[in-house]
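What follows is a short report on a single structure.
All heavy atoms count here, side chains included; hydrogens, waters and symmetry mates do not. Each chain gets a letter, A, B and so on, in the order the sequences are listed, and its residues count up from 1.
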Protein chains: 2
Amino acid sequence: MTKALPFSSSPGAERYIVPGLQRGLQILRCFDRQRPQLGAPEIARELGIPRSTVFRLMQTLEYMGLLEKVDHSSEYRLGIGVLSLGFEYLASIEVTELARPILDRLRDETGFSSHLAIRDGQDVVFVVKAAAKAAFASSVTIGTRLPAHATILGRVMLADLTDEELRNVYTSEELPRYSEQTPETVSALRTILDGDAERGYAVSAAYFEHGIGSIAAPVRDGSGRIIAAINVIFQDGKVDGETYIDRVMQAASDLSRQLNYHPADGKQERRSA
Amino acid sequence: MTKALPFSSSPGAERYIVPGLQRGLQILRCFDRQRPQLGAPEIARELGIPRSTVFRLMQTLEYMGLLEKVDHSSEYRLGIGVLSLGFEYLASIEVTELARPILDRLRDETGFSSHLAIRDGQDVVFVVKAAAKAAFASSVTIGTRLPAHATILGRVMLADLTDEELRNVYTSEELPRYSEQTPETVSALRTILDGDAERGYAVSAAYFEHGIGSIAAPVRDGSGRIIAAINVIFQDGKVDGETYIDRVMQAASDLSRQLNYHPADGKQERRSA
DNA sequence: AAACGCTGTTTCAAATATAAAACAGCTTGT
DNA sequence: ACAAGCTGTTTTATATTTGAAACAGCGTTT
């Protein structure tokens, strides 16, 4: 009786699942910005797990430092243990270290907040950020997830996928909308992506959110695959975004080069493979 | 047959432990900066868990997005799922949001890297960082753990503990040494802490690491307890650290005030309670 | 004040995950 | 070429975890 899909998932890897572990992790994922602290009964109801089992799982999570009791109430919040895990992850990804100085320079050159994001399934996840000094700063923080098909950043990464891969990511043809510009179907998305792929960048105003414009360009590694994307965001209307396309593309290609990508290698573009 | 203590642990909370969950989390904790990718057999040996069990646990972790297969090898590395968890944690802690601008200003005023850290058991954990622009920048990243008794930051936080609480944190009298200045015993540490508590700050050169000096001051919340500490680090000898004590203490007290701490409230100092 | 609902915690039979063993595939050495 | 060792994966009896039920404690309500 496996329930709703977790984060992402390699296709067909659900053969041997340890319920204790799976459910413990589901409990952790119940906590977020909106609901930073929760009690055991609440979680039991939400996940459909018996009270006594949730009780034991949460006690284990507390023992391991991933949950902590909030003061004298019987509620829990995320423990500091999860923080260490998260940052071991960041440290283990080469690209984040290399990206930092590049994003800083891009931020200084443009005056805009710049970000590096990677894709996880249907989501874009921000992993490095260089915040603009101006009052207008982006609200995204490291770890923020946004729908890939509805963001410029996501589009330049999705553009690398073959039709088959894209259908694997989006199993349903219908796509949730976030603005008038969000494509409604996978087919419509495909058309947009083909344009992005040809241009090698994407730029748009108010694509995901009203009043915010963005330019994004893809980052490739030695194999030629797109593994991340860089963007800047700006207040829509206030500037002509197009002016900065070159800067963003330059930053992305600088990073790609550091990751051993050689455009002239004769590596064929991924999509035509 | 419970094994070595995990991260931290509320005393005596090990009654109901779910083995599947505990071992899965132990597996995650095997991954760190030094060993970013590991195979199942290696982990099985290290944790003393049967191969077939580790196999299933890791498959579950992969399914949940906390581990991912590295390319075509049979090894795994941390997955992007842990990142989200870590940042939900940061977002859930009020103090980190408030600290950021204060650390930025402290960095600008002093030219040094400044940090906010909290204590988890015997460890100091860095949660916010404002990196100096100078070439000499600190090597600590968010999530870094250092031994509390051997760092200035840790000392100002430990100074808040009663004798009994301190003995609870350090069950053995002997303390590991990291430099000539590290106290060797809990009693010696207590003496140092009493001085720190009285001064309200701590400053030292080469206390944890050769060539690095640090000044730290405690951050209190509305209850008067020390919940975090702020520090700056500088190259030892190059500057007279003492010069910046006021700046650091000011930053710490600014943050305390934003956390509802009122020095004149008649709240008695914690240690004399 | 009794009854009700909601907890946190414990118990114990029943359902389940576990771990030894075995298999197949792959490298290594001799 | 063979054996020996290492893997990833699967099987299956056994040992364990699970979850319904029950207990005790609390606050409300009637």
Let me know the distance between [atom1] of [X] and [atom2] of [N], rounded to the nearest Å.
X: A/L38; N: C/dT7; atom1: CG; atom2: P; result: 13 Å
X: A/E42; N: C/dG8; atom1: CD; atom2: C1'; result: 16 Å
X: A/I49; N: D/dG19; atom1: CD1; atom2: P; result: 8 Å
X: A/Y76; N: C/dT7; atom1: OH; atom2: C1'; result: 13 Å
X: A/R23; N: C/dT16; atom1: CZ; atom2: C1'; result: 11 Å
X: B/L21; N: C/dT18; atom1: CG; atom2: P; result: 11 Å
X: B/Q22; N: C/dA17; atom1: CD; atom2: P; result: 18 Å

Can you check whether [X] has a side-chain N or O nearer than 4.0 Å to OP1 or OP2 of [N]?
X: B/S74; N: D/dT7; result: no
X: A/R45; N: C/dT7; result: yes
X: B/Y16; N: C/dT9; result: no

Quick one: which of [options] gets closest to the side chain of [X]?
X: A/Q59; options: C/dT9, C/dA19, D/dG19; value: C/dT9
X: B/V18; options: D/dG8, D/dT18, D/dA20; value: D/dT18
X: A/R51; options: D/dT7, D/dT9, C/dG8; value: C/dG8
X: B/P19; options: D/dT17, C/dT7, D/dT7; value: D/dT17

Self-check item: Donor on one side chain, acceptor on other, B/S187 and B/E173, under 3.5 Å
Solution: yes
Can a salt bridge be assigned to the pair [X] and [Y] using a cut-off of 4.0 Å between side-chain N and carboxylate O?
X: B/R119; Y: B/D123; result: no
X: B/R225; Y: B/E165; result: yes
X: A/E75; Y: A/K69; result: no

Looking at every strand, decide which applies to A/T53 at a 4.0 Å heavy-atom threshold: base, sugar-phosphate, or nothing.
->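 Since a base atom lies under 4.0 Å of A/T53, the category is base.
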**Report entry** Along DNA chain C (nearest heavy atom to each residue), the more 5'-positioned of A/R56 and B/L57
**Finding:**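 First, find each residue's nearest nucleotide; the 5'-ward one identifies A/R56.
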Taking for each residue the nucleotide of DNA chain C bearing the nearest heavy atom, is the 5' side occupied by B/S52 or by A/F55?
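On the 5' side of the pair lies A/F55.
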Only residue of B/D32, B/L83, B/V82 satisfying side-chain contact (heavy atoms from CB on, under 4.5 Å) with A/E88 is B/D32
